[in-house]
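Please read the structure below before turning to the comments.
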Amino acid sequence: MNKKQQIIYLYYEKGLVQTKIAQKLNVSKAYITKIIKKDSRYKEEKENRKKKNKEKNKRETKKYISRKREEKRILDACIRKQHIQASNELSSKKIISNRNFRNWNNSIYEYNYKNKTYILKSKILVTEDVPKRIDWKGI
């Protein structure tokens, strides 16, 4: 079987794409295109491949959308659970611990590795009841 016959066989019978055929037979993609365009089945094969790719893309898009919806559903459930937990923690106690306060306001504190404490960031205006320093040893 010569190269032209191999190209036609691989493209029309095996359904390989031009780049794969070119790699397999060690010829240029332009040469492959030239050979397959001369065949009478080329237009029909091209249309069939377009249809298959369209269907494949639709399926992939549907999978992607459903996967994203599932991720959003899971994230929403986690956020709902955190909200319920936070509401319970904040409503059940009249006074919350310094650690819980730091957990709810972590952006206003910075960690001091030397002392293993959280210290209120400078230039942050807070009321007097906000802890300036929170000991974190033992965790």
Side-chain angles (χ1 to χ4, degrees):
M1 192 183 282
N2 66 17
K3 282 203 182 203
K4 289 181 182 181
Q5 291 172 333
Q6 283 181 313
I7 290 168
I8 290 184
Y9 172 75
L10 291 172
Y11 186 78
Y12 292 105
E13 303 300 322
K14 292 288 187 178
L16 293 180
V17 292
Q18 295 175 22
T19 51
K20 296 284 183 188
I21 297 170
Q23 289 172 351
K24 193 171 189 168
L25 300 179
N26 200 21
V27 293
S28 71
K29 188 176 171 261
Y31 180 70
I32 305 280
T33 304
K34 181 180 170 183
I35 300 299
I36 60 174
K37 277 188 173 181
K38 288 180 181 177
D39 196 285
S40 60
R41 301 173 280 180
Y42 177 70
K43 285 185 180 180
E44 185 180 335
E45 181 69 20
K46 189 175 178 181
E47 289 302 316
N48 287 339
R49 289 184 183 211
K50 274 186 184 180
K51 285 178 187 175
K52 282 182 186 177
N53 281 336
K54 233 180 206 182
E55 290 170 13
K56 181 184 171 191
N57 287 340
K58 280 182 185 177
R59 284 193 306 272
E60 293 298 319
T61 301
K62 284 180 182 178
K63 283 181 189 176
Y64 175 79
I65 289 171
S66 65
R67 189 173 62 244
K68 286 295 178 184
R69 282 184 182 151
E70 181 63 15
E71 288 172 2
K72 185 180 183 321
R73 188 191 64 74
I74 291 169
L75 182 63
D76 288 347
C78 289
I79 290 171
R80 238 181 277 116
K81 187 176 178 182
Q82 288 175 341
H83 177 71
I84 291 168
Q85 180 183 353
S87 296
N88 288 339
E89 283 180 18
L90 292 173
S91 64
S92 65
K93 300 175 184 176
K94 296 293 179 192
I95 301 171
I96 64 171
S97 70
N98 287 348
R99 286 187 177 191
N100 282 339
F101 183 83
R102 204 271 338 159
N103 287 341
W104 288 106
N105 300 287
N106 61 358
S107 63
I108 65 170
Y109 288 98
E110 51 191 24
Y111 188 67
N112 182 327
Y113 290 97
K114 184 179 177 184
N115 300 332
K116 294 185 179 174
T117 59
Y118 281 92
I119 300 172
L120 190 66
K121 290 180 182 177
S122 59
K123 298 182 183 175
I124 301 235
L125 300 173
V126 292
T127 59
E128 286 298 314
D129 59 343
V130 172
K132 310 294 184 259
R133 183 183 182 118
I134 301 171
D135 184 28
W136 215 263
K137 293 177 186 169
I139 288 188

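All figures in this text were calculated on a predicted structure; none of them were measured in a lab.
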Nearest atoms (heavy-atom pairs only) where [X] meets [Y]:
| X | Y | answer |
| --- | --- | --- |
| Tyr12 | Asp39 | OH-CB, 3.5 Å |
| Tyr109 | Lys132 | CE2-O, 4.3 Å |
| Ile134 | Asn98 | CD1-O, 3.4 Å |
| Ala22 | Ser28 | CB-C, 4.1 Å |

Atom [atom1] of [X] and atom [atom2] of [Y]: how far apart are they, to the nearest 0.5 Å?
| X | Y | atom1 | atom2 | value |
| --- | --- | --- | --- | --- |
| Ile79 | Lys72 | CD1 | NZ | 8.0 Å |
| Ile7 | Leu16 | CD1 | CG | 11.5 Å |
| Lys116 | Asp135 | NZ | CG | 10.5 Å |
| Ile36 | Tyr31 | CD1 | OH | 12.0 Å |
| Thr117 | Tyr113 | OG1 | OH | 11.5 Å |
| Glu60 | Asn53 | CD | CG | 11.0 Å |

Could you check if a side-chain atom of [X] sits within less than 4.5 angstrom of a side-chain atom of [Y], using non-hydrogen atoms only?
| X | Y | value |
| --- | --- | --- |
| Arg80 | His83 | no |
| Leu25 | Leu10 | yes |
| Ile32 | Tyr11 | no |
| Lys46 | Tyr42 | yes |

Within a reach of under 6.0 Å around [atom1] of [X], are more than 12 heavy atoms found that belong to other residues, nucleotides or ligands?
| X | atom1 | value |
| --- | --- | --- |
| Tyr111 | OH | yes |
| Lys34 | NZ | no |
| Arg133 | CZ | no |
| Glu44 | CD | no |
| Lys121 | NZ | yes |

Residues in side-chain hydrogen bond (donor to acceptor under 3.5 Å, both in side chains) contact with Asn57, at least two apart in sequence or another chain: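 Scan of Asn57 (side-chain hydrogen bond (donor to acceptor under 3.5 Å, both in side chains), adjacent residues dropped) gives none.
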
side-chain hydrogen bond (donor to acceptor under 3.5 Å, both in side chains) involving Arg69 - partner list, sequence neighbours excluded: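 Expected list: none.
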
Glu71/Lys68 salt bridge by N-O under 4.0 Å criterion: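 A salt bridge is present here (some side-chain N lies under 4.0 Å from a carboxylate O).
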
Glu70 and Arg67 ion-paired at < 4.0 Å: no

Residues Lys51, Glu55; criterion salt bridge (charged side-chain N to carboxylate O under 4.0 Å, His left out); working and verdict: CA-CA 6 Å; Lys51 285 178 187 175; Glu55 290 170 13; over 6 Å; no

Hydrophobic cluster membership, Ile124 vs Val130, 4.5 Å side-chain cutoff: yes

Residue pairs involving residues 5-33 (criterion salt bridge (charged side-chain N to carboxylate O under 4.0 Å, His left out); sequence neighbours excluded):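 Of all non-adjacent pairs touching residues 5-33, those that pass salt bridge (charged side-chain N to carboxylate O under 4.0 Å, His left out) are Glu13-Arg41.
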
